[in-house]
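Shown next, in structure tokens, is the structure this report addresses.
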Amino acid sequence: MQKHEDFFHNVFEVVRLIPKGRATSYGAIAKYLGSARSSRMVGWAMNASHSQKQYVPAHRVVNRNGELTGKNHFPTPFIMEELLEKEGIKVLNDKIVNFNKFYWDPMKELEL
DNA sequence: TGGGTGACCATAG
DNA sequence: ACTATGGCCACCC
């Protein structure tokens with residue numbers, strides 16, 4: 001009960017650090033947090049992000065291929081794409097164009 | 001106790 | 001580009 005809440009909190013914290021106009025992957029966050037827990041849990045955390053008081057830019061988290069696999073978990077399926085486009089990230093066929101150009105790796109950017 | 005399910009990932013073919 | 005596996009671990013029967 002309490003254990004996973006800590007994990008969730010850490011995930012939310014990292015996601016909040018993602019700059020506007022950038023994006024990262026579930027696996028990158030899991031790895032940054034120690035990889036003791038799988039990237040599936042990051043997705044699980046995103047599932048709970050809607051009930052957070054603080055704003056969590058979940059739309060900046062995609063899978064390793066830059067695909068918007070979480071779009072169906074937003075209020076409407078097109079919100080995620082809209083938010084990304086609004087930040088200057090182009091999306092085509094539910095996939096970020098030039099993902100590596102926008103990729104934000106917490107391991108490197110947060111330099112730990 | 002155990003099986004099924006994920007907003008995943010790496011690897012192999 | 002695709003499928004198939006195995007690993008991952010919290011959650012829900």
Side-chain angles (χ1 to χ4, degrees):
Chain A
M1 186 65 150
Q2 196 63 42
K3 214 196 294 190
H4 78 269
E5 283 183 5
D6 292 341
F7 178 70
F8 280 19
H9 182 265
N10 289 333
V11 171
F12 298 145
E13 213 168 77
V14 173
V15 173
R16 281 191 209 109
L17 291 176
I18 304 174
K20 201 173 180 183
R22 305 290 295 280
T24 190
S25 70
Y26 304 95
I29 295 175
K31 192 174 181 182
Y32 175 75
L33 292 180
S35 165
R37 307 174 198 233
S38 79
S39 37
R40 289 180 183 273
M41 295 303 98
V42 176
W44 196 268
M46 289 298 98
N47 212 3
S49 68
H50 64 81
S51 58
Q52 285 295 305
K53 291 181 179 176
Q54 291 229 6
Y55 175 61
V56 179
H59 61 281
R60 300 192 187 125
V61 185
V62 296
N63 77 354
R64 72 186 155 93
N65 293 320
E67 294 162 336
L68 280 54
T69 50
K71 58 178 263 177
N72 291 323
H73 293 264
F74 284 79
T76 62
F78 50 87
I79 295 265
M80 190 173 187
E81 179 172 340
E82 274 187 0
L83 289 172
L84 289 172
E85 295 271 6
K86 212 159 86 176
E87 296 182 0
I89 298 179
K90 286 174 180 140
V91 176
L92 190 60
N93 272 347
D94 297 334
K95 186 170 177 178
I96 293 179
V97 180
N98 291 329
F99 179 46
N100 51 6
K101 187 172 154 194
F102 302 102
Y103 184 57
W104 183 86
D105 187 354
M107 293 295 277
K108 294 180 181 175
E109 307 289 346
L110 298 184
E111 208 70 53
L112 226 72

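FYI, side chains are in, hydrogens and waters are out, and symmetry mates aren't considered; it's all heavy atoms of this structure. Just so it is clear, the model here is predicted, and its values are computed rather than measured. Letters A, B, ... are given to chains in the order of the sequence lines, protein chains preceding strands, and every chain is numbered from 1.
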* **Options dC9(B), dA1(C), dA10(C), nucleotide nearest the side-chain atoms of K95(A)** => dA1(C)
* For F74(A), ring-ring contact (aromatic ring centres under 6.0 Å, His included) partners two or more places apart -> none
* Asked: Which ILVMFWY residues are connected to V97(A), directly or by a chain of links, through side-chain heavy atoms under 4.5 Å apart?
  -> L92(A)
* Structure fact -> When rounded to whole Å, the CG to P distance for the pair N63(A) and dG6(B) reads 16 Å
* OH of Y26(A) to CZ of R64(A): how many Å apart, nearest 0.5 Å? -> 13.0 Å
* **Any pair counted as salt bridge (Lys or Arg N to Asp or Glu O under 4.0 Å), so long as it reaches residues 41-56 of chain A, sequence neighbours left out** => none
Sort me out a list of protein N/O and nucleotides 10-13 of chain B N/O pairs below 3.5 Å, or just none if empty.
none

* **Check: I79(A) and H59(A) side chains under 4.5 Å, non-hydrogen atoms** => no
* Structure fact -> From the candidates dC11(C), dA7(B), dC9(B), the one with an atom nearest any side-chain atom of W44(A) is dC11(C)
* To do: Would you mind listing every salt bridge (Lys or Arg N to Asp or Glu O under 4.0 Å) that reaches into residues 86-105 of chain A, with sequence neighbours excluded?
  => R60(A)-E87(A), K71(A)-D94(A)
* Asked: Please give, in whole Å, the distance from dC11(C) C1' to M46(A) CE?
  -> 17 Å
* Pull out every residue in residues 65-82 of chain A that has a heavy atom closer than 4.0 Å to any atom of DNA chain B, ordered by number, or say none. => T69(A), G70(A), H73(A), F74(A)
* Could you tell me whether A45(A) contacts a base, only the sugar-phosphate backbone, or nothing, with contacts defined as non-hydrogen atoms closer than 4.0 Å? => nothing
